[in-house]
Amino acid sequence: MARVLYNLLMFTIGLTQRIRVLGYWSLIYGYCALCTAVALLKLWWNIILRPSTTFQWGIRETPPACLNDTSLGTHCYVRIKESGLRFHYVAAGERGKPLMLFLHGFPEFWYSWRHQLREFKSEFRVVAVDMRGYGESDLPSSTQSYRFDYLVTDVKDIVEYLGYNRCYLVGHDWGGTIAWLFAIHYPEMVTKLIVLNCPHPSVFTDYALRHPSQLLKSSYFFFFQLPRFPELMLSINDFKALKGLFTSRSTGIGRKGRWLTAEDMEAYLYAFSQPGALTGALNYYRNVFSSFPLSQNDVKSPVLLLWGERDAFLEQEMAEACRVYIRNHFRLNIISGASHWLQQDQPDIVNTLIWTFLKEGEGRKTHRN
């Protein structure tokens, strides 16, 4: 009798897990279908309003001068033996000084850290990387090449190639996600962790599943699962949607911030108009739903989390929730009026807060400003 009850219990547990998995993927694919329908309506409306320009876009052949500004640093390349991939990065500051490594988000590339490269090169060896699939770094075509473990290993390989075994790690958006994961898996390699507008990955998944408002703001996650169609929608009308991410009233850089100059915008269009560039960037999203839940969560490094109050994509409540996973000094700064593009929007404030955190002694009580 006991054996029968045990088998029944195991069957019930297994059935419950299968139902939960089925429900999880049904939600994902159902939301994908909904987002696709909305995108198709937008495309149709564009064709009606602008039939002659909807499908016009061009590859920028020549980089704008700002991408070769010597005050930002030197352009360098490294081929990692283990992965076989070539990475592009811009480096400044004296070799041998502590390493400060910058990881960008979507849809960005090394240039998003231009204000920080100039600021911190006086005391650090500053390095802003084009992550795999971005800019002048290699663009693997397979979506499987963008798994979390590969992206984290990229960071480890780059740090070691640069001749360091530790770094001050700074990440924004997707770069923030990889920075969190790197600090979780390689705590001995992170002196201090600085994250901009990106919650701890476990906070994001837990919060999004319990808050429909965040799920709605994250609808692009679901739309980007589709092959090719998202690339089309980001390209039509000469990359109008891409421009809008940085310049529109709803998602763009704050009205009190530093607007992108025409040359800055052209730098982004140059990078993302290249063949395969949008696909490489979007492939980060095409693995995300199979990467959770995390097997490890705790962060042992001191952490500074900076958050733009007007982030159109991520709800502010997630910032405070990150505290649960941090086993060291934690500082959270909410920056009033700032957008998701924090380090470009309010570089002076961001740089000052980073300097303060870098100069602080470790081991103080967790607090919030």
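Residue numbers start at 1 and run along the sequence shown.
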query: Looking only at side chains, do Asn283 and Thr143 share a donor and an acceptor under 3.5 Å apart?
result: no
Residues Tyr270 and Pro64: closest non-hydrogen pair is CB-CD, 4.0 Å
CG (Leu151) and CG (Asn287) are apart, to the nearest 0.5 Å, by 8.5 Å
Is the distance between the ring centroids of Tyr134 and Tyr111 under 6.0 Å?
no
query: Any luck finding a side-chain donor-acceptor pair between Gln274 and Glu136 under 3.5 Å?
result: no
Residues Met131 and Tyr284: closest non-hydrogen pair is CB-OH, 3.3 Å
Using only heavy-atom distances, determine whether the side chains of Thr279 and Glu231 contain a donor-acceptor pair under 3.5 Å.
yes
*Main-chain N/O of Gly252 paired to Thr247 side chain as donor or acceptor, under 3.5 Å*: no
Could you walk me through whether Thr54 and Asn46 satisfy the side-chain hydrogen bond (donor to acceptor under 3.5 Å, both in side chains) test, starting with their C-alpha distance in whole Å, then the side-chain angles of each, then the deciding distance to 0.1 Å, before giving a yes or no?
CA-CA 6 Å; Thr54 295; Asn46 263 284; 4.8 Å; no
Do Leu282 and Phe313 share a hydrophobic cluster (ILVMFWY, side-chain heavy atoms under 4.5 Å, transitive)? yes
Can you confirm whether Leu43 sits close enough to Ile236 that some side-chain heavy atom of one is under 4.5 Å from a side-chain heavy atom of the other?
yes
Heavy atoms, side chains only, cut-off 4.5 Å: are Arg125 and Glu94 in contact? no
Inset, instruction - Go through the side-chain N and O atoms of Gln296 and His185 and say whether any donor and acceptor fall under 3.5 Å apart. - result: yes
May I ask you to say whether Glu123 pairs ionically with Lys359, meaning some side-chain N is under 4.0 Å from a carboxylate O? yes
Side chains of Leu306 and His172, heavy atoms from C-beta outward: is any pair under 4.5 Å?
no
Salt bridge present between Arg310 and Glu315 (N-O < 4.0 angstrom)
no
Notebook entry, point to check: Using 4.0 Å as the upper bound for N to carboxylate O, is an ion pair formed by Asp238 and Arg60?
Noted result: yes
ask   = For residues Gln225 and Tyr285, is any side-chain donor paired with an opposing acceptor at under 3.5 Å?
value = no
Review point. Checking side-chain hydrogen bond (donor to acceptor under 3.5 Å, both in side chains) for the pair His104/Asp173: CA distance, chi angles, key distance, verdict?
Key: CA-CA 7 Å; His104 62 79; Asp173 187 79; over 6 Å; no
Task: Flag side-chain contact, heavy atom, 4.5 Å: Gln346 against Ser336 - done: no
Original post:
Are the aromatic rings of Tyr77 and Phe87 close, with centres under 6.0 Å apart?
Top reply: no
Checklist entry - Any side-chain heavy-atom pair from Leu332 and Leu305 closer than 4.5 angstrom? => result yes
Original post:
Do Lys81 and Asp157 meet the salt-bridge criterion of a basic N to acidic O distance under 4.0 Å?
Top reply: no
Given Ser218 and Gln214, is the side-chain hydrogen bond (donor to acceptor under 3.5 Å, both in side chains) satisfied, shown in steps?
CA-CA 6 Å; Ser218 302; Gln214 179 57 58; 2.8 Å; yes
Rounded to the nearest 0.5 Å, the NZ atom of Lys121 sits from the CD atom of Gln116 at a distance of 13.0 Å
dist Asp348:CG -> Glu119:CD (nearest 0.5 Å) comes out at 8.0 Å
Worked verdict on Gln316 versus Asp311 for side-chain hydrogen bond (donor to acceptor under 3.5 Å, both in side chains):
CA-CA 8 Å; Gln316 185 176 308; Asp311 193 315; over 6 Å; no
So CH2 of Trp180 and SG of Cys322: to nearest 0.5 Å the spacing works out to 4.5 Å
Next on the checklist: Could you go through Arg79 and Asp138, starting from their C-alpha distance and side-chain angles, then the distance that decides it, and tell me whether this counts as salt bridge (Lys or Arg N to Asp or Glu O under 4.0 Å)?
Outcome noted: CA-CA 9 Å; Arg79 186 170 297 279; Asp138 281 349; 3.7 Å; yes
Given the options Trp355, Phe120, Phe357, Phe124, Tyr168 meets ring pair (Phe, Tyr, Trp, His ring centres under 6.0 Å) only with Phe124
Closest non-hydrogen contact found for Gly176 with Val195 is CA-CG1, 4.1 Å
Exercise. Do Leu196 and Val170 have side-chain heavy atoms sitting under 4.5 Å apart?
Worked result: yes
For Ser235 and Leu278, the nearest pair of non-hydrogen atoms, with its separation, is OG-CD1, 3.4 Å
Discussion item. For a quick check under 3.5 Å, do Glu160 and Asn165 share a side-chain donor-acceptor pair by atom type?
Written reply: no
Sidechain-backbone polar pair: Arg286 side chain, Phe224 backbone, donor-acceptor under 3.5 Å:
yes
Side chains of Val155 and Leu103, heavy atoms from C-beta outward: is any pair under 4.5 Å? yes
In terms of heavy-atom contacts, Pro201 and Thr177 come closest through CG-CG2, 4.1 Å
- Under 6.0 Å between the ring centres of Trp174 and Phe221? no
Arg331 side chain to Val303 backbone, donor-acceptor under 3.5 Å: no
*Are the side chains of Phe204 and Leu314 in touch, meaning some heavy atoms are under 4.5 Å apart?*
yes
Quick check: is Tyr150 connected to Val78 through a chain of hydrophobic side chains (ILVMFWY, heavy atoms under 4.5 Å apart)? no
When the ring planes of Phe223 and Phe229 are compared, do they come out parallel, tilted or perpendicular, using 30° and 60° as the limits? perpendicular
Output for pair (Arg132 CZ, Arg86 CZ), nearest 0.5 Å, gives 14.5 Å
| message | Using only atom types and a distance under 3.5 Å, with no angle test, would you say the side chain of His200 pairs donor to acceptor with the backbone of Ser202? | response | yes
Full working for side chain to side chain contact (heavy atoms under 4.5 Å, CB included) between Leu169 and Thr191
CA-CA 8 Å; Leu169 188 59; Thr191 305; over 6 Å; no
*asked:* Between Arg50 and Gln56, do the side chains contain a donor N or O and an acceptor N or O under 3.5 Å apart?
replied: no
Subject >> Residues, nucleotides or ligands: over 12 heavy atoms within 6.0 Å of Lys42 NZ >> reply: no
*asked:* side chain to side chain contact (heavy atoms under 4.5 Å, CB included) for Tyr89 and Leu162? Distances and angles first, verdict last.
replied: CA-CA 11 Å; Tyr89 63 93; Leu162 293 170; 3.7 Å; yes
Inset, instruction - Please report the C-alpha distance between Val350 and Ile335 in whole Å, then the side-chain angles of each, then the deciding distance to 0.1 Å, and finally whether the side chain to side chain contact (heavy atoms under 4.5 Å, CB included) criterion is met. - result: CA-CA 9 Å; Val350 166; Ile335 300 180; 4.1 Å; yes
Rounded to the nearest 0.5 angstrom, the CH2-CD distance for Trp341 and Gln343 is 9.0 Å
For Val159 and Cys167, the nearest pair of non-hydrogen atoms, with its separation, is CG2-SG, 4.1 Å
| Does CD in Glu188 sit with more than 12 non-hydrogen atoms of other residues, nucleotides or ligands closer than 6.0 Å? | yes
ask   = For the residue pair Tyr268 and Phe246, is the inter-centroid distance of their aromatic rings smaller than 6.0 Å?
value = yes
Problem set entry | Validation row, ring centre Phe102 to ring centre Trp110 under 6.0 Å | no
